[in-house]
Participant: 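Quick one: this structure, given as structure tokens, is what I'll be asking you about.
Note that the coordinates shown come from a computational prediction; the quantities given were computed from them, not determined experimentally.
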Amino acid sequence: MNSAADIWAKVLSLMERNMTSTTINTWFDDVEAITLNKDQFILASPTEFKRDIIKERYVPYVAGALKELFSADFEVIVIPPEGKSLYTGGAAKSDFLPGTDEYTFERFVVGSSNKFAHAAAQAVADNPGESYNPLFIYGDSGLGKTHLLYAVAHTIHKKFPSFRITYIKGDAFTNELVRAIREGKNQEFREKYRNSDVFLMDDVHFIAGRESTQEEMFHTFNALYERQRQIIFTSDRPPKELLRLEDRLKTRFEWGLLADIKKPEYETRLAIVKNKAIRMGVDLPEPVLSYIAENITENVRQLEGTVKKILALQELMGKKVDINTVIRAVRDMFRDKSDILPSPDLIIQEVAKFYTIDEDAIRGQSRMKETNTARQIAMYIIRNMTNLSLTDIGQEFKRDHTTVLHAINRIDEQAKRDNELSEIIKDIRANVNQRLE
């Protein structure tokens with residue numbers, strides 16, 4: 001990642017557009033950049049007179065340059081040199097949602113594709129439980145839904161430190177419920193979630209079709225809503241398209257505000273690439289930035305992955321960053337989806353996770369109805385998502401090819417008549433594809 005000094009050099013270069021070199025030399029010749037954290041840029045200046053002038057006249061220019069570099073707002077703080085230790089002493093990291101400090105509103109690049117969802121999340125973070133409850137954010141994978149969830153959590157935690165904030169993914173909620181039932185800890189499970197001041201569930205679509213989980217979610221939702229506790233969900237689809245979700249839950253999810261996030265348009269992609277590159281310490285020329293923004297169009301995760309590949313080429317191989325380097329770095333991004341094939345192990349893992357069944361049971365000889373159905377679905381998805389022959393698939397399950405063919409035909413015919421089974425297959429395939437990103 002770029003050092004504070006490197007970033008300061010870029011800031012000064014941008015400020016030269018609006019002020020003379022004499023002005024810059026007069027007021028900034030002995031200014032030292034101390035650190036750039038998640039929403040602050042700390043500068044040190046040796047004299048009180050200069051510090052006062054910088055604060056009064058030039059802080060907006062510094063903030064504007066940072067905005068141009070990162071597409072995010074930063075507070076510019078000017079301190080005396082003796083105060084540097086306050087910002088470089090390595091303060092202990094918060095144990096609140098560890099590993100998510102980067103996911104703040106300041107670092108969320110806003111564009112027309114996500115402006116509404118961002119504004120709604122910001123409003124909820126400022127006044128939890130008072131409006132837009134529940135907030136339901138939906139959109140394809142990799143567009144920033146989880147970033148907004150964490151941003152809400154961090155903002156509320158900062159403003160209301162006593163609030164009990166609970167973050168959970170839909171599949172983790174299901175797994176935790178199963179363990180609670182098995183261990184006789186239902187009451188502890190309910191108290192954990194129903195006593196939250198803020199309840200955040202990522203990927204709520206994972207609970208669709210799971211009877212016990214939906215029952216628990218129904219009562220958890222009611223308990224939180226009646227006490228005016230803030231509820232936020234994210235999903236890859238709006239509630240009405242979650243066909244296996246109970247109608248009573250669909251209705252409740254739509255009580256508040258639905259906000260979608262679409263694929264970022266060119267200007268937003270360009271801002272995201274520029275932001276990611278500077279934060280990772282990659283100096284990308286404008287033509288390279290434009291090339292990436294024009295060609296990587298699916299989601300934010302792909303854009304970030306592209307910058308990381310370029311960084312790796314630059315650091316490990318000493319490659320100069322030009323268009324040819326970028327083309328090499330993003331080659332995988334341009335491959336047809338048909339070229340990116342999951343392994344049978346990955347598909348079986350996702351089927352097992354969906355049905356809460358051990359992988360060995362799916363591969364084994366159990367004739368229990370649910371296990372047998374999961375096994376046949378795994379065979380069907382492997383056949384449709386890989387190039388394996390019927391014989392190869394049979395070897396994964398210790399079955400002959402005729403058994404595999406029968407299972408595939410059965411699932412294919414049943415899925416044409418059964419919307420619920422069709423949705424299950426769709427969900428599992430989506431989970432597999434997400435693992436491949």
Participant: Under a 4.5 Å cut-off applied to non-hydrogen side-chain atoms, are P264 and L143 in contact?
Facilitator: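 Yes, their side chains come closer than 4.5 Å.
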
Participant: Evaluate the criterion side-chain contact (heavy atoms from CB on, under 4.5 Å) for residue pair E350 and I381; output intermediate values, then yes/no.
Facilitator: CA-CA 11 Å; E350 289 302 321; I381 295 176; over 6 Å; no

Participant: Given M201, which of I207, T220, I232, I231 fulfils the side-chain contact (heavy atoms from CB on, under 4.5 Å) condition?
Facilitator: I207

Participant: Give a yes or no answer on whether the side chain of R269 reaches the backbone of A293 with a donor-acceptor pair at less than 3.5 Å.
Facilitator: yes

Participant: For K159 and D126: C-alpha separation, side-chain torsions, deciding distance, then whether salt bridge (charged side-chain N to carboxylate O under 4.0 Å, His left out) applies.
Facilitator: CA-CA 8 Å; K159 294 181 66 174; D126 291 338; 3.7 Å; yes

Participant: How long is the straight-line distance from CZ of F218 back to OG1 of T213, given to the nearest 0.5 Å?
Facilitator: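 One gets 15.0 Å once the value is rounded to the nearest 0.5 Å.
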
Participant: What I'd like to find out is whether the side chain of F28 reaches to under 4.5 Å of the side chain of M15, using heavy atoms alone.
Facilitator: yes

Participant: Just so I know, are the side chains of Q230 and D197 near enough to count as touching, which here means a heavy-atom distance under 4.5 Å?
Facilitator: no

Participant: Considering all heavy atoms of both residues, which atom of T104 and which atom of H147 are nearest to each other, and what is their separation?
Facilitator: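 For T104 and H147, the tightest heavy-atom pair comes out as O-NE2, 2.8 Å.
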
Participant: Tell me the closest heavy-atom pair linking G144 and F108, and the distance in Å.
Facilitator: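 Scanning both residues, the minimum pair turns out to be O-CE1, 3.7 Å.
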
Participant: Is there a side-chain contact (heavy atoms from CB on, under 4.5 Å) between L200 and T234? Walk through the geometry before answering.
Facilitator: CA-CA 8 Å; L200 313 171; T234 72; over 6 Å; no

Participant: Closest approach of K192 and T166, non-hydrogen atoms and distance?
Facilitator: O-OG1, 4.0 Å

Participant: Determine whether more than 12 heavy atoms belonging to other residues, nucleotides or ligands lie under 6.0 Å from atom OH of Y61.
Facilitator: no

Participant: Looking only at heavy atoms, what is the nearest atom pair of F136 and P238, with distance?
Facilitator: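 Of all heavy-atom pairs spanning F136 and P238, the closest is CE2-CA, 4.1 Å.
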
Participant: At what distance, to the nearest 0.5 angstrom, does CG of L224 lie from CG of N133?
Facilitator: 8.5 Å

Participant: List the residues meeting side chain to side chain contact (heavy atoms under 4.5 Å, CB included) with T146, not counting sequence neighbours, and say none if there are none.
Facilitator: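 By the side chain to side chain contact (heavy atoms under 4.5 Å, CB included) rule, T146 matches Y150, Y167, D202.
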
Participant: Go through F96 and H154 one step at a time and tell me if the ring-ring contact (aromatic ring centres under 6.0 Å, His included) criterion holds.
Facilitator: CA-CA 8 Å; F96 176 72; H154 284 294; 5.5 Å; yes

Participant: Considering only heavy atoms from C-beta outward, does the side chain of I24 approach that of L12 to under 4.5 Å?
Facilitator: yes

Participant: Mind running side-chain contact (heavy atoms from CB on, under 4.5 Å) on Y58 and M19 for me, showing each step along the way?
Facilitator: CA-CA 10 Å; Y58 300 114; M19 58 187 71; 3.8 Å; yes

Participant: So, do E211 and E215 sit near enough that their side-chain heavy atoms are less than 4.5 Å apart?
Facilitator: no

Participant: So F233 and F199, side-chain contact (heavy atoms from CB on, under 4.5 Å) or not? Walk me through it.
Facilitator: CA-CA 8 Å; F233 298 109; F199 178 81; 4.0 Å; yes

Participant: Would you mind reporting whether E216 and Y193 have side-chain heavy atoms less than 4.5 Å apart?
Facilitator: no

Participant: Between the side chains of S141 and R301, is a donor N or O closer than 3.5 angstrom to an acceptor N or O?
Facilitator: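 Indeed, the side chains of S141 and R301 share at least one donor-acceptor pair under 3.5 Å.
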
Participant: I'd like a table of donor-acceptor pairs (distance under 3.5 Å, sequence neighbours excluded) in which one partner is a side-chain atom from residues 421-430, with atom names and distances.
Facilitator:
{"unit_1": "E423", "atom_1": "OE1", "unit_2": "R237", "atom_2": "NH1", "d": "2.9"}
{"unit_1": "D427", "atom_1": "OD1", "unit_2": "R237", "atom_2": "NH2", "d": "2.5"}
{"unit_1": "D427", "atom_1": "OD2", "unit_2": "R244", "atom_2": "NH2", "d": "2.5"}

Participant: Distance-only, no hydrogens or angles: does the S13 side chain make a donor-acceptor pair with backbone N or O of A9 under 3.5 Å?
Facilitator: no

Participant: Mind listing the side-chain donor-acceptor pairs of residues 250-258 below 3.5 Å, one per line with the distance, residues two or more places apart or on another chain?
Facilitator:
{"unit_1": "K250", "atom_1": "NZ", "unit_2": "L242", "atom_2": "O", "d": "3.4"}
{"unit_1": "T251", "atom_1": "OG1", "unit_2": "D247", "atom_2": "O", "d": "2.9"}
{"unit_1": "R252", "atom_1": "NE", "unit_2": "N222", "atom_2": "OD1", "d": "2.9"}
{"unit_1": "R252", "atom_1": "NH1", "unit_2": "R248", "atom_2": "O", "d": "3.1"}

Participant: State, with a plain yes or no, whether a side-chain heavy atom of K50 is found less than 4.5 Å away from one of D30.
Facilitator: yes

Participant: More than 12 heavy atoms of other residues, nucleotides or ligands under 6.0 Å from CD of Q228: is that the case?
Facilitator: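 No, not enclosed.
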
Participant: Provide the closest heavy-atom pair for V109 versus A271 in the form atom of the first, atom of the second, distance.
Facilitator: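 Reported closest heavy-atom pair: CG1-CB, 3.7 Å.
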
Participant: Does the pair K10 and D6 meet the rule for a salt bridge (charged side-chain N to carboxylate O under 4.0 Å, His left out), with working shown?
Facilitator: CA-CA 7 Å; K10 294 179 184 293; D6 292 336; over 6 Å; no

Participant: Taking the side chain as C-beta and beyond, is there a heavy-atom pair between I79 and L43 under 4.5 Å?
Facilitator: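 The answer is no, as the side chains (C-beta and beyond) never meet within the 4.5 Å cut-off.
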
Participant: For Y132, I'd like to know if atom OH has over 12 heavy atoms of other residues, nucleotides or ligands within 6.0 Å.
Facilitator: no

Participant: So, N384 side chain and Y380 main chain: donor-acceptor pair closer than 3.5 Å or not?
Facilitator: yes

Participant: Of all heavy-atom pairs between L135 and A120, which one has the smallest distance, and what is that distance?
Facilitator: CD1-CB, 3.9 Å

